[in-house]
Amino acid sequence: MTINGWIQILLYCGIIIALVKPLGGYMTRVFNGERTLLSFVFRPLERGVYRLAGTSEGEEQHWKTYTAALLFFSLAGIAVLYLLQRFQGGLPFNPADMPSVAPDLAFNTAVSFVTNTNWQAYGGESSLSYLTQMAGMTVQNFVSAASGIAIAVALIRAFSRKSMQTLGNFWVDLTRTVLYILLPICVIGTIVLVWQGVPQNLNAYTTATTLEGAQQVIAQGPVASQMMIKHLGTNGGGFFNVNAAHPFENPSAITNLIHMIAIFSIGGALTNVFGRMVGNERQGWAIFAAMGVLFIAGVAVCYWAEAAGNPIVQALGLEGGNLEGKEARFGIALSALFAVITTAASCGAVIAMHDSFTALGSMIPMINMMLGEIVIGGVGAGLYGMLLFVVVSIFVAGLMVGRTPEYIGKKIEAKEVKMAMLALLILPLVMLGFTAIAVVLETGVSSMANPGPRGFSEVLYAYVSAAANNGSALGGLSANTPWYNITLGLAMLIGRFAMIVPVMAMAGSLVAKKAVPASSGTFPTTGPLFVGLLVGVVLIFGGLEFFPALAVGPIVEHLATIAGQTF
Amino acid sequence: MSQSKSASLLDARILVPALTGALRKLDPRSLAKNPVMFVVAVVAALTTVLLVKDFIVGSQSLGFSFQIVLWLWFTVLFANFAEAVAEGRGKAQADSLRRTRTETQAKLLPSGAGSDFKTVPGTSLKVGDVVLVEAGDIIPSDGEVIEGVASVNEAAITGESAPVIRESGGDRSAVTGGTQVLSDVIRVRITAAAGSTFIDRMISLVEGAERQKTPNEIALNILLAGMTLVFTFAVVTIPSFAAYAGGSISVIVLVALFVTLIPTTIGALLSAIGIAGMDRLVRFNVLAMSGRAVEAAGDVDTLLLDKTGTITLGNRQATEFRPISGVEAADLADAAQLASLADETPEGRSIVVLAKEKYGIRARDMASLNATFVPFTAQSRMSGVDFDGSSIRKGAVDSVLKNVALGGSAEERETQAIADEIAKAGGTPLAVSRDGRLLGVIYLKDIVKGGIRERFAELRKMGIRTVMITGDNPMTAAAIAAEAGVDDFLAQATPEMKLALIRDEQAKGKLVAMCGDGTNDAPALAQADVGVAMNTGTVAAREAGNMVDLDSDPTKLIEIVEIGKQLLMTRGALTTFSIANDVAKYFAIIPAMFLAFYPQLGALNIMGLATPESAILSAIIFNALIIVALIPLSLRGVKYRAVGAGALLSRNLLIYGLGGIVVPFVGIKVIDLAITALGLA
């Protein structure tokens with residue numbers, strides 16, 4: 001580890017912290033339907049959308065209606081995306097003449113983008129037409145992100161409203177998020193990216209003759225417009241196969257910084273939105289602080305592991321850290337930082353190949369995802385995931401102050417605990433269950449690139465990434481097989497929607513409760529004590545069940561590496 | 001208070017029946033009520049079958065498997081034992097309660113009228129019997145006045161100094177067993193027969209064990225069931241991971257890991273904690289109608305406390321003689337002393353004491369003075385003496401004024417002015433007259449209980465607001481409120497105002513506790529989240545409240561809140577402890593489990609446990625023994641300190657959270673050393 005590396009990491013943290021309050025303030029105004037700077041541009045457009053959709057702003061929805069709207073919207077998105085891929089061969093904007101996508105891969109990809117996962121069992125430049133990229137992938141990058149944010153906002157309202165039945169209107173929240181938050185940032189960001197050299201065109205691929213005289217096909221297309229939302233919406237689906245390690249996706253230090261900031265900005269600001277809407281910004285900061293502690297710890301371990309390098313390679317006389325699979329432009333510190341960011345949030349974009357990370361270096365991204373991506377997390381999903389842990393923390397430890405547990409004045413009772421537990425059960429069930437099946441099936445094992453614990457980690461990582469809706473891969477695994485396409489698709493669907501439904505049921509129960517005013521006997525949820533408690537509960541509740549799987553994966557691999565043993 | 005009667009934890013009278021109780025509770029129907037322990041019992045049965053199979057087939061590690069299975073059963077039995085001990089304490093309590101019931105004699109009127117009575121034991125009375133109660137008699141059982149009016153001294157139970165009026169018809173017709181009629185004669189129709197009194201109901205409550213799970217307990221059970229499921233996923237996937245690595249793990253070992261991971265500690269002790277919480281209340285002579293009420297007590301935000309008996313001593317005391325102009329203070333004292341010589345009320349006695357202290361007036365013998373005592377009656381609202389043609393009266397100012405009937409004279413105006421002044425300062429004025437001439441006023445002062453101010457400060461730290469309820473005028477109320485240090489007061493309180501105040505607080509989201517005894521308290525008692533009815537209160541009040549205080553001591557509201565908090569804290573502390581324990585158990589079992597095919601994982605054996613078998617065995621033994629070790633804590637409860645939630649939380653998190661992580665590391669290591677030394681594994 002170097003001072004320079006840590007300065008870069010801390011600089012990044014400083015920028016994110018600085019963004020929380022202003023962006024949170026702006027977003028709060030948007031969600032409350034208040035007038036903002038951009039209203040004069042988007043207000044007419046917004047009204048037009050409601051007229052077209054046949055809904056009105058004043059129409060409030062019960063949790064069931066809200067959830068049904070989201071589910072319907074997502075289902076329609078999957079159908080459209082599936083059909084686009086299946087018929088892209090005959091559709092326009094296909095200068096590279098991409099054939100239509102196979103059914104299992106099309107299913108996997110459609111689910112992947114609608115669930116905000118962006119797991120890619122395909123290489124973008126070698127599989128998808130520009131139409132599919134733009135009308136399919138980019139559109140879903142916007143609306144899947146907005147859907148997640150809408151759920152988070154509904155849950156925030158559940159805490160901030162008192163004795164009510166409704167949580168807002170899904171269509172309104174969706175529209176406002178896209179128009180006022182995602183679009184403006186993306187428009188500006190895209191222009192900066194184009195200035196930095198990211199392509200934005202509809203040209204056919206260029207064939208170039210290299211210095212050695214060989215022919216090289218240089219892929220391009222509408223890249224910049226997808227890049228910005230890919231990070232801002234924590235989608236992570238690259239235009240190119242190697243994702244943000246590709247110089248066209250991520251040409252400079254500036255674009256890399258923009259990408260990293262984009263990934264955390266909305267998730268971080270949502271904690272502030274939470275604080276503002278429940279009437280005490282410190283509540284938001286406490287959650288943000290717990291996320292921050294977990295984040296810094298993750299970066300520290302990952303950076304340390306990568307900087308320490310591989311003892312087996314070092315024994316051969318190669319000094320220094322682990323640079324395998326990393327872009328020399330970014331180096332170890334930034335690669336480790338990006339890996340932690342992308343898995344802490346539910347992004348999944350990469351600037352280095354995670355399969356080339358050391359055992360411990362690749363375990364941190366896995367743990368981030370196993371915890372449910374609640375460290376900043378996917379836009380919206382991170383906050384509602386973290387609030388599940390908050391509910392559990394409050395319930396377990398809140399009793400220790402001698403009152404039945406309450407959070408933001410809302411009593412945490414059987415219904416909330418039941419729904420929180422249901423939501424938290426989903427991830428271990430899907431992640432461990434599918435892994436356990438895959439590692440004993442011939443079809444599962446044959447896709448592994450490496451034997452032993454690393455092969456196990458590849459499969460585990462795949463299901464963990466899919467269920468957590470991350471989308472990054474440890475690589476190595478040949479995932480474009482019917483088995484993986486279908487089971488990973490299922491993991492993504494369950495990981496997204498089987499979590500959203502109980503979260504919304506919990507919101508429905510919470511919004512109807514009256515608020516208990518805080519007193520000196522109330523469990524304090526703004527101080528360092530609460531932050532520490534929350535971190536502990538996240539690690540014990542969210543992490544302990546994965547300990548056996550991690551032990552036979554990255555942990556044993558790490559111990560073996562130290563002992564100079566390979567598999 | 002009957003706390004001293006609490007049976008010791010190591011009392012053989014409780015422990016021995018609890019041992020058999022633990023076995024009896026192996027009944028699946030009984031186990032099914034507790035999801036976590038039910039799961040443990042199921043896997044214990046499963047492994048028992050496997051053990052028998054291994055025994056028949058012949059297997060190498062039979063001794064190890066046998067020990068694991070044994071400890072699995074012990075885990076279940078220890079949980080049952082904890083519950084049985086908790087119930088046993090309740091039963092012992094019920095027995096001692098039975099012995100404390102006192103016998104009173106009743107004057108039964110067989111005809112229901114007249115005055116020909118038959119003396120029978122109070123317990124033999126049936127509902128509908130009519131009894132005669134004369135001045136000085138103890139009312140034998142709860143009932144309703146059907147004829148007559150009487151002043152009844154309920155001070156012995158309620159602490160209310162002033163006698164209350166009980167008369168036939170209307171709201172004030174209910175009388176309570178155990179109270180004493182001071183004046184007049186009443187006929188009472190009995191409404192509660194022996195066997196249906198509150199003590200009887202309490203006995204059946206603590207013995208019957210027809211315990212309903214409380215809302216918080218249900219929620220906690222859901223959490224524990226959820227955790228059990230999560231760890232089920234974690235464990236059932238291990239064989240597949242092992243198979244991938246080319247190894248296999250025996251079912252016994254998997255079961256051991258599973259049982260140590262699921263929250264057995266809190267699962268085992270949860271119902272014991274609940275029973276013990278109710279039991280603590282019972283030993284406090286408070287009967288909670290439901291566990292829900294006990295939980296609500298811990299959440300109380302606002303406490304409505306009656307002034308008399310709770311904040312002030314029930315007995316007002318004479319502190320000053322205030323003569324009107326032209327009368328010597330010593331003369332007033334002399335008259336007041338004469339009028340009070342035969343007055344056995346605390347106020348009367350305090351007047352005699354004050355006269356002696358201030359003016360050296362010694363007690364005189366009524367008989368030698370040829371004096372006749374005129375007792376206080378509900379109608380006259382005065383008492384006094386008649387002797388040698390002279391008569392002295394003392395009593396409520398308006399009654400005395402009416403009695404002397406001076407009609408707006410200067411003396412009357414002066415007396416009234418002094419009385420008002422005393423009332424403003426928070427006192428009670430008693431006017432004194434001699435032979436139709438006004439002498440002055442005795443200043444009776446409400447004495448705020450010692451230490452009550454500190455109690456209210458503590459409550460404030462707990463986040464509880466105290467509101468004093470009094471019938472006094474606002475001036476008097478404000479004076480006493482300031483002296484006692486309550487947060488707020490409700491003066492000239494009517495039952496309607498009380499109810500409105502409770503509704504108001506609840507609309508703000510607060511939980512309200514109050515105590516009351518009158519029929520007109522019933523709506524407020526029913527509306528309050530915690531309504532403590534005095535056992536001496538009317539039947540309606542007792543039906544409306546969700547707790548009944550058998551000692552009829554309204555001060556107990558404060559302790560009830562503490563007991564509620566203690567119950568919740570104990571639950572939270574042991575849940576936190578139980579969950580924190582998992583970290584160490586992983587470090588014991590995971591390396592042992594995978595050692596055969598991933599020897600590198602031996603590095604995780606940070607406790608340095610001797611062998612894989614001893615590691616697994618130590619973990620499961622620790623898991624079982626910790627239940628037993630924590631039984632005393634779960635019965636006694638975590639100590640509540642009024643230090644504010646933040647300080648309380650950091651303290652408990654340190655002890656039960658951090659302690660929960662550290663203790664098993666030490667415990668498992670010690671057990672490992674022991675069983676290795678004993679050669680058990």
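Below, chain A is the first sequence line, B the second, and so on; all start at residue 1.
Within the 4.5 angstrom heavy-atom criterion, atoms from both the backbone and the side chain of A:A551 approach chain B. With a threshold of 4.5 angstrom between heavy atoms, A:M448 approaches chain B through side-chain atoms but not through N, CA, C or O. At a 4.5 Å heavy-atom cutoff, A:A420 makes no contact with chain B through either its backbone or its side chain. Looking at B:M593, there are no atoms closer than 4.5 Å to chain A (heavy atoms on both sides), in backbone or side chain. Using a 4.5 Å cut-off between heavy atoms, B:I238 contacts chain A through its side chain alone, with no backbone atom that close. Both the backbone and the side chain of B:K510 come within contact range of chain A, each with at least one heavy atom under 4.5 Å from a heavy atom of that chain. Heavy-atom distances place no part of A:K513 under 4.5 Å from chain B, backbone and side chain included.
Taking both residues in full, the closest heavy atoms of B:M569 and A:M400 are given as CG-O, 3.3 Å, listed atom of the first, atom of the second, then distance. A:V401 and B:Y640 get closest at one heavy-atom pair: O-CE1, 4.3 Å. When all heavy atoms are compared, the tightest approach of A:L559 to B:Q600 is CD1-O, 3.3 Å. The two atoms that bring B:Y586 and A:E545 nearest to each other are OH-CA, 3.6 Å, heavy atoms only. Closest approach of B:T576 and A:A397 over heavy atoms only: OG1-CA, 4.3 Å. Taking every heavy atom of both residues into account, A:P548 and B:A234 meet most closely at CG-O, 4.4 Å.
Ranked by heavy-atom pairs under 4.5 Å with chain B, the first of A:V440, A:V516, A:I412, A:L425 is A:L425. Counting heavy-atom pairs closer than 4.5 Å to chain A, the top-ranked of the candidates B:R641, B:R465, B:K461, B:Q566 is B:K461. Residue with the most contacts toward chain A among B:S650, B:A243, B:A603, B:A245: B:S650 (heavy-atom pairs, distance under 4.5 Å). Among B:N652, B:V638, B:D299, B:L648, the residue with the largest count of heavy-atom pairs under 4.5 Å with chain A is B:D299. Note: A:P517 leads A:P517, A:A549, A:G532 in heavy-atom pairs under 4.5 Å with chain B.
Within the 6.0 Å centre-distance limit, the rings of A:F547 and B:F587 are counted as a close aromatic pair.
Residues B:V230 and A:F541 have side chains not in contact (no heavy-atom distance under 4.5 Å, counting atoms from C-beta outward). Two residues are said to be in side-chain contact when any heavy atoms from C-beta on lie closer than 4.5 Å; B:F241 and A:L432 meet this criterion. Side-chain atoms of A:V439 and B:S240, non-hydrogen and from C-beta on, do get closer than 4.5 Å to each other. A heavy-atom distance below 4.5 Å is found between the side chains of A:V396 and B:I579. Looking at heavy atoms from C-beta onward, A:T435 lies out of side-chain contact with B:T237 at the 4.5 angstrom threshold. Side-chain contact check for A:F395 versus B:L223: some heavy-atom pair is nearer than 4.5 Å.
In this structure, CG in B:L511 is found 7.5 Å from OG1 in A:T404, a value given to the nearest 0.5 Å. Here B:L220 contributes atom CG and A:L399 contributes atom CG; the two are 6.5 Å apart, rounded to the nearest 0.5 Å. For the atom pair CG (A:L429) and CZ (B:F233), the distance works out to 4.0 Å, reported to the nearest 0.5 Å.
The side-chain contact (heavy atoms from CB on, under 4.5 Å) test with A:V417 singles out one residue from B:I218, B:I222, B:L224, B:N221, and that residue is B:I222.
Within 6.0 Å of NZ on B:K508 lie more than 12 heavy atoms contributed by other residues, nucleotides or ligands. Within 6.0 Å of atom CZ in B:R455, more than 12 heavy atoms from other residues, nucleotides or ligands are found, so the atom counts as buried in its surroundings.
Using the six-membered ring where Trp is involved, B:Y244 and A:F456 have ring planes that are tilted, between 30° and 60° apart.
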